[in-house]
Amino acid sequence: MRWSIIWVIFRREVRDQVRDRRTLFMIFVLPILLYPILGFTILQLSTAFEQKPRTVVVLGAERLPSNPSLLDPRGDRFARELFSSEAEESRLIVDREPATSAWGDPAKRGEALRSGKVDAVLVIPPDIGERIDQVKPIETPIIYNSVNEQSQLTYLRLREVLRRWNDEIVAARLVHDNKPESYTEPVQAPPTDVATGKQAGRNVWSRLFPFLLIIMSLTGAFYPAIDICAGEKERGTMETLLISPASRGEIVMGKFFTVLLASVLTAFLNLVSMGLTGFQLARRMSALAKSVGPGAADVIAPPSLVSSFWMVLLLIPPAAFFSAVCIALAVLAKSMKEGQYYMTPLYLISLPLIFLTLAPGVSLDPFYSLVPITGVSLLLRAIMQGDFVVARRYFLPVLIPTCVYGVLALRWAIDQFQREDVLFREAEKFDLKGWIVHLFRDKEETPGPGMALLCFVLMLSSAWFLIQWLADTSPRSMVISQVGFVLAPPLLLALLLTSSPRRTLKFYAPKIEYIAISLGLAIAIHPWGSELASWVEWIFPIPEEIRTRLGAMTANIKNPLTLLTMFAIVPGICEEIAFRGFILSGLQNRYRNVTAIVLSALLFGFLHVLLSLSQQAFNATLLGLLLGLIAVRSGSVLPGIVFHVTHNGLAVMMSKVKNPSLSTWLYRDTVNGLYQKHWLALGLAVMIVLIGRLIRNGSDRSNEAAEATDKFEAELVESAR
Amino acid sequence: MIIAERLCKSYFNYRKGWIPAVEDVSFECLPGMIFGLLGPNGAGKTTTLRMLSTVLRPTSGTAYVAGYNVLYNPAAVRSHIGYMSAGTGIYDRMSAWELVEYYGKLYGMESDRLRERMETIFDWLKMNDFRDVLGSKMSTGMKQKVSIARTIVHDPPVLIFDEPTSGLDILVVRVVLQKIEELREQGKTIIFSTHAMHEVQKLCSRVAILHRGRIQASGGVGELLDRYESSDLEDLFFKLVERGGDINTPVESVY
């Protein structure tokens with residue numbers, strides 16, 4: 001890849017975008033224009049809404065006692081002492097009506113309330129004075145219209161006024177009867193909030209900002225991506241560009257950086273404009289309310305410079321991820337119009353992931369740190385809140401997966417650019433029947449990557465429906481569920497949709513060498529597996545409850561053979577046939593071996609996130625890499641099974657070692673099963689030698705082995721005839 | 001020079017399986033010569049030329065362009081050809097000068113050499129009055145000139161013109177044909193596809209007639225007219241198309 005060419009393409013694309021009015025409008029004009037207008041609107045609405053006083057008809061006002069007073073004796077207000085501020089007092093206007101007036105007629109009252117002439121009617125009973133004196137129950141009905149928002153609001157305010165009036169009556173009685181105030185309210189619970197105004201403000205910002213940042217970076221990436229991929233196809237310039245000496249990778253990278261720039265710029269400018277508008281809005285609102293407390297400026301204080309810096313920096317990885325995905329999608333489209341259609345599914349998938357950050361109670365944990373968009377949003381939130389301890393702990397666990405997803409998306413985009421059927425797509429009617437017929441008629445020897453993905457999705461969805469059995473920890477149901485959701489989908493797909501299930505699932509006898517290597521590796525890696533697990537648990541602790549449940553699972557089963565079957569033999573066979581058999585073969589069909597191994601390992605790790613502990617994901621992904629390498633080199637699924645069964649079997653059985661002298665001989669930390677340093681060193685040495693041997697062994701041995709076997713068998717069949 | 005050896009290209013269709021677009025196409029084209037690829041719409045002309053320019057990979061067969069193999073050295077092939085497609089391929093938001101400069105840079109030309117070369121080309125094609133006009137404001141004739149300039153900016157030894165005259169008015173056609181002729185005089189290897197018979201008759205020294213993905217006849221223009229006892233190319237063309245009804249038998253093998 002030549003950076004000079006990427007730079008030439010990038011400069012052209014950026015210039016092209018700058019000359020496009022739509023892009024300029026979306027990136028620069030819209031944020032500058034939109035938010036101030038929005039601010040004005042909110043201000044206008046709120047002032048109109050806030051300042052209008054509401055009218056309450058007090059029917060039979062003359063019956064009210066003078067002390068404690070409900071109404072202000074001089075005018076059309078309630079008594080001043082029933083409100084905490086003058087602004088509040090001015091919001092309720094009293095219309096005093098004698099008990100004999102027409103308001104006594106319920107039909108007329110209802111009419112007036114429904115038409116909105118008054119907002120509420122308070123009815124004072126005739127003997128209220130006497131009843132207060134005689135400590136008898138009193139009823140003052142409030143009539144209002146709940147459909148009308150103003151009436152509803154007036155009702156709530158009026159109720160608060162009456163509550164305070166009630167308190168005053170009680171207070172007067174206490175004085176009269178010479179009782180202390182604690183007589184009626186023995187328990188008081190005065191709250192003290194230690195959050196400073198700044199923190200409270202940050203909390204508001206920290207929920208809203210990551211959400212808006214991510215969504216803006218998606219929007220900012222989408223339109224330019226459509227314009228420079230689908231648009232280029234539509235205008236007929238794509239062909240000439242492809243015929244130039246620039247490689248596909250260089251073209252995609254040039255376009256990718258352009259989209260990335262647009263995405264980051266859109267998010268950044270929206271943020272700045274929104275921040276300034278919000279700041280101004282909060283200041284104006286508090287000025288209007290005339291109740292500027294000392295903390296009001298703090299509440300709306302924008303995030304600190306350090307936080308802002310990290311936010312803008314952290315924005316780049318998710319923006320890169322979106323940019324790559326958008327480019328890959330946009331190049332699928334034949335025209336700009338078709339490109340727009342792809343936006344809905346993209347938003348449908350992304351929005352829930354972003355909305356998660358708005359949900360209460362969701363905070364960073366090992367699982368969320370792996371979820372593509374959510375992880376970054378939550379990390380942004382932690383930084384906004386100034387929670388740098390959490391932010392530091394999850395910085396790499398969030399950033400590394402995000403970068404991996406970004407690179408994968410970019411590779412996908414480059415992949416799309418290398419496909420003739422995508423670049424020169426003609427309008428073709430999709431014919432479902434024809435497609436299904438084709439699926440069964442034109443079977444290939446091994447599945448494609450699409451089928452590999454289908455297999456994975458089938459595994460997940462069948463796992464969802466087998467979840468009852470998964471939760472049940474009895475040996476039988478565990479075996480059934482493993483076979484049902486891990487083994488059945490790849491077996492079925494291989495038998496139905498490929499012409500050589502044997503080759504697909506790598507059912508070949510391997511060289512003995514690979515069995516030996518697998519066995520050795522599984523044993524050598526075991527001490528390091530415990531080591532890694534304890535590191536991961538140190539960073540992402542497993543909740544105590546789950547740990548106890550896991551312990552109980554193995555503790556209840558006394559027969560070692562049952563244990564081995566449940567946790568080593570069955571999972572080993574099922575998972576190997578699924579991941580190193582079907583899925584890896586499918587990926588190998590399109591991608592280079594390295595890519596196929598990495599992708600299958602990621603899927604393997606992902607399955608463990610969903611179906612068991614998220615803490616296992618790291619371990620599983622690393623093992624997935626190794627198992628993939630073994631499968632590719634040996635061309636057989638068997639060495640992987642040997643490795644897997646040995647690995648799991650050791651983990652299960654070693655936890656049963658109870659002999660103290662053997663324990664101290666093996667472990668330096670017997671509780672956590674951490675091995676002595678010299679065992680670790682020995683394990684590492686063996687690992688290096690064996691992995692080195694695997695890597696050095698020729699890369700296309702797998703095909704050789706398979707082809708040799710196939711040929712040999714064909715000859716056998718021939719000679720039998 | 002261009003050598004095509006039994007080029008085939010098939011597309012996959014869910015309903016019909018593999019459908020051949022180009023079958024068994026072989027020809028040779030030498031420097032200082034214009035090779036005409038004549039055929040109706042959908043005959044496989046564009047597919048053939050796209051295989052030569054490496055954007056489509058042949059299903060079978062191979063080709064050498066400017067001494068490089070399209071399968072094994074596509075990058076070298078791409079940097080030694082100029083390709084002008086049927087659509088002009090002009091960016092709306094770029095001026096004539098910027099566009100030609102952009103392609104020059106993509107071909108890795110030094111900026112001094114590029115500027116010199118561009119001045120020469122702009123003079124030769126008389127493009128100096130619309131150097132700074134944006135693509136969206138250009139007339140069809142202007143676009144065609146820019147497209148030619150873009151095709152030859154890196155001075156490639158091999159030029160591929162895919163229907164460069166389709167949809168143009170006669171004045172522009174004249175200019176385009178003139179310029180292609182001048183390029184031949186400079187010793188370029190030129191392949192030129194069209195469905196207009198008179199252009200072939202006027203320009204090409206050798207011609208291949210493509211119909212339904214197969215070459216029905218090829219050779220020098222005069223030689224072909226004699227062989228099939230036709231008065232002109234149009235007459236010849238219709239004869240071949242009628243006889244080539246059975247697509248599986250190339251006409252040449254019938255004779």
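Each chain gets a letter, A, B and so on, in the order the sequences are listed, and its residues count up from 1.
Note on ring orientation: taking the six-membered ring where Trp is involved, the planes of B:F27 and B:F35 are parallel (angle under 30°, cut-offs 30° and 60°).
Residue contact with chain A, scored on non-hydrogen atoms closer than 4.5 Å, is absent for B:I160. Of the atoms belonging to A:E232, it is side-chain heavy atoms, and not backbone ones, that fall under 4.5 Å from chain B. Contact of A:R2 with chain B is not made at all, since no heavy-atom distance falls under 4.5 Å. The contact between B:R57 and chain A is made by backbone and side chain atoms together, counting heavy-atom distances below 4.5 Å.
For the pair A:S263 (side chain) and A:V259 (backbone), a donor-acceptor distance under 3.5 Å is absent. Side-chain atoms of A:S217 never come within 3.5 Å of backbone atoms of A:A319 as a donor-acceptor pair (strictly under, hydrogens ignored). Remark: side-chain polar atoms of A:K334 are not paired, donor with acceptor, to backbone N or O of A:K233 under 3.5 angstrom. Judged purely by atom type and a 3.5 angstrom limit, B:R50 has no side-chain atom pairing as donor or acceptor with the backbone of B:L56.
Partner of B:E23 under the salt bridge (charged side-chain N to carboxylate O under 4.0 Å, His left out) criterion, chosen from B:K9, B:R212, B:R214: B:R214.
With respect to chain B, the highest number of heavy-atom pairs below 4.5 Å among A:Q418, A:E239, A:M238 belongs to A:E239. When each of A:V8, A:L242, A:D16, A:I5 is scored by its heavy-atom pairs under 4.5 Å with chain B, the top score falls to A:D16.
For the pair A:R12 and B:Y91, the distance from NZ or CZ to the six-membered ring centre is under 6.0 Å and the angle to the ring normal is within 45 degrees. Figure legend: cation-pi geometry between A:R22 and A:Y223 absent, as NZ or CZ is not positioned both under 6.0 Å from the six-membered ring centre and within 45° of its axis.
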message = A:R235 vs B:D92, test: salt bridge (charged side-chain N to carboxylate O under 4.0 Å, His left out). Steps then yes/no.
response = CA-CA 9 Å; A:R235 292 186 288 263; B:D92 278 352; 5.2 Å; no
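Chain A is approached within less than 4.5 Å, heavy atom to heavy atom, by B:M94, B:S95, B:E98, B:Y102, B:Y103, B:K105, B:L106, B:Y107 from residues 94-112 of chain B, ordered by number.
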